[in-house]
Every structure is written in structure tokens, then in C-alpha cells.
Amino acid sequence: MNQTNQTTKPTAHGGGRKFRNDLIFVAAILVIIAIGAAALFLLREEGSTVQVEVNGTIIGTYPLSVDREVEIITGDSGEELNLLVIKDGKASVTTATCPDGICAAHKPISREGESIVCLPHKVVITVIGGNGEEPDVIA
Amino acid sequence: MKHPAKKLALLGLCTAIAMVLAWVEIQLPPLTTAVPGIKLGLPNIAIIFILYRFGWKEAAAVSFVRILAVSFIFNPATLPYSLAGGLLSLLGMALLKKTDLLSITGVSVAGGLLHNVGQILMAMLILSTAGLGYYLIILAVTGVVSGIFVGLCGSFAVKRVRFR
């Protein structure tokens, strides 16, 4: 084992160079992430419509302007439920039977491109623009 | 390594350690429930250790077995996400290690980042939606941060752990 240790152990010289490279590398990644975040933030707009997808299939679109509750029933025998609530121009999931409950903990969404995802039930709730006629989705 | 049986035993030991680290991670309280998928990536400490002490093939084998075992024990639904993350992460780390430009910590940052990117890409694929950009941004940042932590632990292990 000792031979392999020698090859991987950084020398003092190489260590300093690599540390500098590390810093440049991490900084570059953070800059790219920041640019991506800025692009997402600048491009986002108040959406008008909520689109509900189950397992990649759009099962309904609902305007954000009308308060309503939608029961999203999934599962083979219809035992899985996510309750979508549209209120005051925002959409949220208030009740869910999924084990992790991440979708119910998600903050209400209203901006275009925002989404609430329930992975266990394969439910994706996305805010889209327009009137729901042209869903912005890669199928 | 001269003794194949010894190597096999050590890799098995590392697999067990990686699985325990995954279990420890599951026990930790989530930082926030608003964004799913934020994890430290503790098992990657073991993967980095193997990558530097043995090689990428051994690291790939241990990572694969670890992901399969942990997924089936705890939550099989996470398997495709873990596999995508693990594969992309290991690929990136192995290539970066080969360039010999970065330290172990730098390589680990790439691993943490790519693990999360791989998971999101798989989620986009499974859910047939591109609307996960926000998750991608958040998980990219947390991947870098946890990659630094895991990298420091990993380089400590690579330098200090001695086999008898």
C-alpha cells in the first residue's frame, strides 16, 4: 500500500498550485451558477396559469385568477392524493398523502416556470404563461 | 495491490463504510423541507478514498454496489436519481483527477455538483419537464458547498488511513 501512497501524496509545490487551481475552479463554477440564476430570475414573469402533469401527461390547466381546489388523484387504485389550492393568484399543495410531504411544504408559486414537484406521485405542478393553450414543456 | 483477496476485502469494507455513511446521512434532519435533495453526500468520502487509493474502476464498482444496496434497503424509488447522480459524479471526478490540475477537494467539489446535476437531469427525464431550473440552481450551490466539506474529509482519509 505504501507505494500507492507515495504517488497520490501531493508535494508541497504541487499542493500550492493545486490549491490555487481549486479556488479558480470553485469561483468559475459559482460565477456560472450566478449567471444561470440571474438569467432565470430576469426571465421569469408572473404566470397566468397552473398546469398539472401526472407522469408526464398534462391532466389539466387552471387559471391563477380563479380561486379553486383541485384534487389530484393518482396511483393504480386512486389512493394517492395531492390537493392543489389556487388562492389569491398563487398555487400551493395543502394536503398530500405522499410519504415525504415535500410538495405540501413548498411555498406557494405564482411566477412563470416555478413548480411544485411530488416525486412519489410523479406529479408536477408548473406555473406557465398565456392561457394554458401552449404549455411550455419539453415532452 | 499484490493480493487480490486483500484488495477485495478492503473494497468490501469501503462499500460497507459508504453504506453506513449513507445511513448516517438519512438520519440527519433535513436543512429545509422546501427544497428536496439537499444532502451532504457523505458516501462520497469513501468513493473519493477509493478513487485515489485504488482507481476509477474500483470506485465505480463500489459506488454502484453502494447505491443499489442503499436504494433497496431504504427507498427503491430513489434508485434512478442516485444512479444518474453517482454515474455523472464519478465520471467527472475520474476525468478531473486524470488532468491532475485540482486537489482532492477540488475534484470533490465537481463530484458534489455533478451528483446533484445528474439527479435533476434524471428528474427532468422521468417527469418529462424542463421546469426544474430553480432546483438546479439551488442544488448546484449546495453541491459545491457539500463538495468542499466532503473533499476535506476525503483528502484527510486519503492521507491518513493506513492499511496493515
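Keep in mind it's a predicted model, so treat the numbers as computed, not measured. Letters A, B, ... mirror the listed sequences (proteins, then strands); counts begin at 1.
Using a 4.5 Å cut-off between heavy atoms, B:Asp100 touches chain A through backbone and side chain atoms alike. Proximity to chain A is limited to the side chain of B:Val144, based on heavy atoms less than 4.5 angstrom apart. In this structure, the portion of A:Leu119 lying under 4.5 Å from any heavy atom of chain B is its side chain and not its backbone. With a 4.5 Å cut-off on non-hydrogen atoms, B:Ala140 touches chain A through its backbone and its side chain both. Contacts between A:Ile29 and chain B at a heavy-atom distance below 4.5 Å involve the side chain alone, from C-beta outward. For a residue to count as touching a neighbouring chain, one of its non-hydrogen atoms must lie under 4.5 Å from one of that chain's; by this rule B:Leu51 does not touch chain A. Residue B:Leu136: no heavy atom, backbone or side chain, is found under 4.5 Å from chain A.
Contact count versus chain B (heavy atoms, under 4.5 Å) is highest, among A:Ala37, A:Ala34, A:Gly36, for A:Ala37.
Salt-bridge annotation for B:Glu58 and B:Arg53: absent, with no side-chain N of the basic residue lying under 4.0 Å from a carboxylate O of the acidic one.
B:Ile67 and B:Tyr81 fall into different hydrophobic clusters, where Ile, Leu, Val, Met, Phe, Trp and Tyr are joined by side-chain heavy atoms under 4.5 Å apart, directly or via other members.
Side chains of A:Asn82 and A:His121: a donor-acceptor N/O pair is present below 3.5 angstrom, by distance only. Looking only at atom types and distance, the side chain of A:Gln51 has a donor-acceptor partner in the side chain of A:Glu53 under 3.5 Å away.
Without hydrogens or angle criteria, A:Asp22 side chain to B:Leu102 main chain gives no donor-acceptor distance under 3.5 Å.
Within a 6.0 Å sphere centred on OH of A:Tyr62, other residues, nucleotides and ligands contribute more than 12 heavy atoms.
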